[in-house]
Amino acid sequence: MIVMKFGGTSVADCAAITRTISIVQSKLGQKPVVVVSALSKVTDLLYRIADQASVRNRLETAELLEQLRSRHIGLAHDLMSENPSYCHKACSSVNEICDNLDTFVSAVCALGELSDRSKAVIISTGEYLSSNIICCAMNARGIKTGFMDARKMIVTDKEYLKGEPDTAAIQAKVPAAVSAAYEGNDAVITQGFVSVTADGEPTVLGRGGSDYSASLIGMAIDAAAIEIWTDVDGVRTADPRKVENTKCIERISFEEAAEMAHFGAKVLHPLTIEPAVNKNIPIYVLNSMNPAGKGTVILQNSLIDDGVKSVSFKENILVINIFSTKMINTSGFLKKVFEIFSINKVSVDLISTSEANISVTVDSSQKIDKVVEQLSGFADVFVDSDKSQISVIGKNIINLKGLLQKTFTPLADCKIYMISQGASYVNLSFVVDRSDLTDAVRQIHKYLFENESSN
Ligand code: ADP
Ligand code: ASP
Ligand code: MG
């Protein structure tokens, strides 16, 4: 069996879904488990609906809900114009899901209060809409496809908007759900992103979480491969939206891919790699608009050459600077500081210390108010929000002659605030002013990947 995950742009409209279905059709011999995201931009729309409902803006929510319904009904008609019975089935599912959402959103509007649990219900609707329509469209094209509800198998804790998967429960539930759905069928389909607590409460895996769903399912069924179908030719040497002349990386290691994703490369959800590593399942990153392309394969470390693979970045990070004279010559200070991060579930990316100062970077999506408040009890704390983080990633980069020179030479005019080389030798990261980011990333990329004579 293989898992095939199709992201938002691969299921954006009739043309994209038609392409996606033919890709699945070409792999029926490998028994695909298809995992789909919401149509492109639909999750953003659902976030807006949730936000407007929480401030009781009925007019705006009604208009947005109508946009949601009409886009999906229109899509069902476009996809199944020649097959009225499947078109009718898909439209009934869309109407039922949208009716339920309307009722739910009205209740939120009436209360003017939105819990994380309710938000999880709203934002996961996109995946239910897309998976129902695509399931009908596959059946309408003669691919007998079984439907699976991710909320019957992807179990997490109660962190409603970024659930932590319960791997044991997932491993116990997924294989049985997949074989039941496969009975009499050529393929099965389910929702990415969507999950549930052990008590049946709705959760989601966090933004971009469909990749993570795919690898969790792959792990649970011992898949031969996990395929992440997206809108670019594989994992590239940098984000092609920011940098010109990027190259497709043919092979990278699990470790390199995890570092890239964790340090900003949006092509994969940061946690996608972990479940695959444990079972040594290759992950392919492929382009649904160019299915003949080779894409990138992510494999175990021993099969990968040393060398720089990519430059990733996080555009918007927070640098927390902690000053205290009590730090000098005392033991236990670091413990006290990092306990506060841990208790408040704020994860730290980079750390640098000097005698009376600790600086750490954290992703700007995290809530740090309580951390700052608690640290301020015993230290002076300053938060800098105008910074970006750049990471040069590759296996054993420590062995590369002149890496630091190559990385920093093009940055001669740019202030560099923190530098950290991970002990795993896979990652060299540093912090720059946000205003310098684009230029810095382009210059480093040029120097490392486009200037062959300097490598
Ligand atoms: P999907 O909707 O298929 O999940 P995403 O938008 O989440 O797609 O991820 C694909 C995007 O990731 C690409 O369009 C690209 O702009 C971005 N990206 C960032 N860094 C990289 C990289 N190193 N290689 C490839 N794509 C990258
Ligand atoms: N639809 C979700 C999002 O936009 C999950 C995903 O696309 O992976 O974040
Ligand atoms: Mg994605």
Side-chain angles (χ1 to χ4, degrees), residues 43-44 46-57 108 111-123 156-164 197 201-209 262-264 266 269-271 313-327 330 332-354 356-391 417-418 420 429-435 437:
T43 310
D44 295 338
L46 291 163
Y47 267 90
R48 275 168 60 208
I49 291 173
D51 289 344
Q52 291 303 316
S54 71
V55 294
R56 312 181 96 158
N57 191 342
V108 175
L111 282 170
E113 201 181 281
L114 182 70
S115 64
D116 284 355
R117 183 175 183 275
S118 300
K119 197 166 183 174
V121 173
I122 297 175
I123 59 178
T156 68
D157 66 3
K158 285 179 185 266
E159 204 60 50
Y160 297 102
L161 299 177
K162 207 174 182 190
E164 164 120 18
T197 65
E201 294 178 315
T203 60
V204 292
L205 297 176
R207 288 310 305 258
H262 185 77
F263 285 88
K266 199 194 159 209
H269 181 279
L271 299 173
F313 60 86
K314 282 191 176 179
E315 181 146 14
N316 195 3
I317 56 149
L318 302 170
V319 180
I320 307 176
N321 294 299
I322 304 151
F323 295 90
S324 172
T325 45
K326 290 194 195 107
M327 191 173 149
T330 48
F333 189 83
L334 286 177
K335 180 169 179 254
K336 203 168 159 188
V337 166
F338 287 108
E339 235 160 34
I340 291 179
F341 283 92
S342 162
I343 290 163
N344 292 291
K345 291 195 173 156
V346 171
S347 88
V348 167
D349 281 343
L350 306 184
I351 306 166
S352 81
T353 63
S354 71
N357 159 256
I358 305 172
S359 297
V360 302
T361 67
V362 304
D363 200 289
S364 63
S365 61
Q366 303 191 85
K367 293 196 184 95
I368 60 161
D369 302 6
K370 284 201 181 129
V371 168
V372 172
E373 189 189 309
Q374 289 164 22
L375 288 172
S376 300
F378 59 88
D380 293 327
V381 183
F382 301 95
V383 179
D384 206 336
S385 58
D386 242 356
K387 300 281 180 280
S388 302
Q389 183 174 302
I390 300 178
S391 304
Y417 293 86
M418 288 170 63
S420 160
S429 291
F430 49 94
V431 173
V432 297
D433 282 317
R434 202 165 157 185
S435 54
L437 175 73

Atom pair CD (Q389) and OG (S364), whose distance is rounded to the nearest 0.5 Å
10.5 Å

Short question: side chain of K314, backbone of H262 - any donor-acceptor pair under 3.5 Å?
yes

Taking all heavy atoms of V108 and all of S54, pick out the closest pair and write down the distance.
CG1-N, 4.2 Å

Please confirm whether the backbone N or O of K158 pairs with a side-chain atom of T197, one donor and one acceptor, at under 3.5 Å?
no

In this structure, CZ of F323 is separated from CG of N357 (nearest 0.5 Å) by 4.5 Å

So, S435 versus D433: side-chain donor-acceptor pair below 3.5 Å or not?
no

Looking only at atom types and distance, does a side-chain atom of S388 sit under 3.5 Å from a main-chain N or O of L437, one as donor and one as acceptor?
no

Could you check R117, K119, E201 and say which one makes a side-chain hydrogen bond (donor to acceptor under 3.5 Å, both in side chains) with Y160?
E201

Which atom pairs, donor and acceptor, lie under 3.5 Å between side-chain atoms of residues 368-382 and protein residues at least two apart or in another chain?
{"residue": "Q374", "atom": "OE1", "partner": "N344", "partner atom": "ND2", "Å": "3.1"}
{"residue": "S376", "atom": "OG", "partner": "V372", "partner atom": "O", "Å": "2.6"}

If you look at every heavy atom in V346 and K367, which pair is closest and at what distance?
CG2-O, 3.5 Å

Pairwise distance CG(L46) to CD1(I122) - rounded to 0.5 angstrom
8.0 Å

Atom CZ in R207, atom NZ in K162: separation rounded to 0.5 Å?
12.0 Å

Under the side-chain contact (heavy atoms from CB on, under 4.5 Å) rule, what do E159 and K345 come out as? Steps first, then yes or no, please.
CA-CA 11 Å; E159 204 60 50; K345 291 195 173 156; 3.5 Å; yes

Show, in sequence, the C-alpha distance, side-chain angles and deciding distance for V55 and Q52, and conclude whether the side-chain contact (heavy atoms from CB on, under 4.5 Å) test is met.
CA-CA 5 Å; V55 294; Q52 291 303 316; 4.2 Å; yes

For the CZ atom of F338 and the CD1 atom of I351, what is their distance to the nearest 0.5 Å?
4.0 Å

Locate the shortest heavy-atom distance separating S359 from N321; write the atom from each residue and the value.
OG-OD1, 2.7 Å

Where do S429 and L350 come nearest, in terms of heavy atoms and distance?
CB-CD2, 3.5 Å

I need the minimum non-hydrogen distance between T203 and A120, along with the two atoms involved.
CA-CB, 4.1 Å

Ignoring hydrogens and geometry, is there a side-chain-to-backbone donor-acceptor pair from D157 to E164 under 3.5 Å?
yes

In Å, rounded to the nearest 0.5 Å, how long is the span from CG of D386 to CG of L318?
10.5 Å

I want to check something: taking the side chain as every heavy atom from C-beta on, are I123 and L161 in contact at a cut-off of under 4.5 Å?
yes

Considering only NZ, NE, NH1 and NH2 on the basic side and carboxylate oxygens on the acidic side, decide whether R434 and D384 come within less than 4.0 Å.
no

